[in-house]
Amino acid sequence: MRLGTKPGLDGALLGARTSLTGSVTTPERSLMMSRIRAKDTAPELAVRRLVHAWGLRFRLHRRDLPGCPDVVFPRLRKAILIHGCFWHHHNDPTCRNAVLPKTRAEWWRAKLLRNVKRDERNLRELQDLGWDVLVLWECEIRARRFTPKLASFLYVALPAPELVADPSVERAPSPGDR
């Protein structure tokens, strides 16, 4: 195993470096790229688990809709697109995953620009068909900053944060204490 990689996880999606020098052979690069999935990614599974825990049911990857949204709520006419920051070129200066590769930079710039244009077109087409669409980014999901945004989008009431009792404060005895 090379330095900087994590066994069982897709290093490219985690932003991990394959080696300290950054050079890999063509077969190694091919293997790494073949492991990048379009469906059932870790961020997608995290969103699906949370939505399912809230008791909502959904459809996956509706191919009859523009852009094949990752999670679809047909009854609510809502769709969620879960974008990987690199492949969909997250335009957020704080996102560390949306870095343009130094090798073949012009080719990557053109490729990622086409992806962004396609994403914009798919979003517009979904909205024109009357769908509400939420775009969640990989970095938001990994940092666990997406829950309030998702709850608001799906009209789910989040539980109030639990108050932690201070053990140094004595509580008054309740009627059931004896």
Side-chain angles (χ1 to χ4, degrees), residues 1-24 28-53 58-63 65-73 78-127 131-154 156:
M1 181 168 67
R2 294 182 164 256
L3 294 174
T5 61
K6 297 180 182 178
L9 298 176
D10 192 348
L13 285 178
L14 295 175
R17 305 237 187 271
T18 55
S19 69
L20 293 177
T21 61
S23 61
V24 282
E28 288 174 326
R29 172 74 59 206
S30 179
L31 179 64
M32 289 178 354
M33 296 302 279
S34 72
R35 290 183 177 164
I36 298 172
R37 299 180 308 257
K39 297 178 182 177
D40 301 329
T41 62
E44 183 181 325
L45 291 174
V47 171
R48 286 165 34 187
R49 279 189 200 106
L50 180 60
V51 170
H52 193 270
F58 47 85
R59 296 282 170 249
L60 299 176
H61 313 290
R62 287 263 310 260
R63 297 184 72 171
L65 293 175
C68 190
D70 299 297
V71 182
V72 179
F73 303 88
K78 291 182 178 278
I80 300 173
L81 300 170
I82 301 166
H83 286 341
C85 295
F86 174 77
W87 293 105
H88 297 269
H89 199 62
H90 190 191
N91 192 17
D92 181 356
T94 63
C95 180
R96 298 181 324 152
N97 301 329
V99 177
L100 191 67
K102 290 186 172 91
T103 306
R104 299 179 62 198
E106 283 307 312
W107 183 87
W108 278 108
R109 185 173 288 113
K111 161 93 178 124
L112 297 175
L113 184 60
R114 287 191 309 268
N115 290 354
V116 169
K117 296 286 186 201
R118 185 186 65 235
D119 291 339
E120 289 170 353
R121 184 184 69 240
N122 290 334
L123 182 64
R124 191 174 48 253
E125 287 177 11
L126 278 168
Q127 290 170 338
W131 288 83
D132 288 332
V133 184
L134 173 66
V135 176
L136 293 176
W137 291 94
E138 171 190 4
C139 62
E140 290 178 310
I141 296 167
R142 291 191 187 278
R144 305 200 188 288
R145 295 188 316 246
F146 72 101
T147 306
K149 184 196 278 191
L150 183 60
S152 173
F153 178 71
L154 296 173
V156 174

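We number each residue from 1, following the sequence as shown.
When all heavy atoms of I82 and P43 are compared, the closest pair comes out as CG2-CB, 4.1 Å. Closest non-hydrogen pair, N97 versus C139, comes out as ND2-CB, 4.1 Å. Of all heavy-atom pairs between F73 and L154, the closest is CE1-CD2, 3.6 Å. Across every non-hydrogen atom of A105 and L100, the tightest pair is O-CD2, 4.1 Å. Shortest non-hydrogen contact noted between C95 and A98 is SG-N, 3.8 Å. C85 approaches E138 most closely through the heavy-atom pair N-OE1, 3.1 Å.
Two rings, from W87 and W137, have their centers 6.0 Å or more apart.
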Pair V99-F86, side-chain contact (heavy atoms from CB on, under 4.5 Å): steps then yes or no: CA-CA 7 Å; V99 177; F86 174 77; over 6 Å; no

For a side-chain contact (heavy atoms from CB on, under 4.5 Å) check, start with the C-alpha distance between L150 and L134, then their side-chain angles and the critical distance, and finish with the verdict. CA-CA 8 Å; L150 183 60; L134 173 66; 3.8 Å; yes

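Electrostatic pairing of E44 and R48 counts as a salt bridge here, judged by a charged N lying under 4.0 Å from a carboxylate O.
When the shell of 6.0 Å around CZ of R145 is examined, it contains more than 12 heavy atoms from other residues, nucleotides or ligands.
Of the residues T41, L50, V47, T147, the one that meets the side chain to side chain contact (heavy atoms under 4.5 Å, CB included) test with I141 is V47. With respect to V133, the side chain to side chain contact (heavy atoms under 4.5 Å, CB included) criterion is satisfied by exactly one of I80, L123, L65: L123.
Not a single donor-acceptor pair under 3.5 Å links the side chain of K78 to the backbone N or O of W131.
For R49, the side chain to side chain contact (heavy atoms under 4.5 Å, CB included) partners are L45, not counting sequence neighbours. Not counting sequence neighbours, H89 has no partner by the ring pair (Phe, Tyr, Trp, His ring centres under 6.0 Å) test.
The closest side-chain donor-acceptor pair between D119 and H88 falls under 3.5 angstrom.
Distance check, rounded to the nearest 0.5 Å: CG of L136 to CG of L81 gives 8.5 Å. Here CZ of R118 is found 7.5 Å from CZ of R121. Values are rounded to the nearest 0.5 Å. If you take CZ on R109 and NZ on K111, they are separated by 15.0 Å, rounding to the nearest 0.5 Å.
At least one test fails for R104 against the ring of W108: distance under 6.0 Å to the centre or angle within 45° of the axis.
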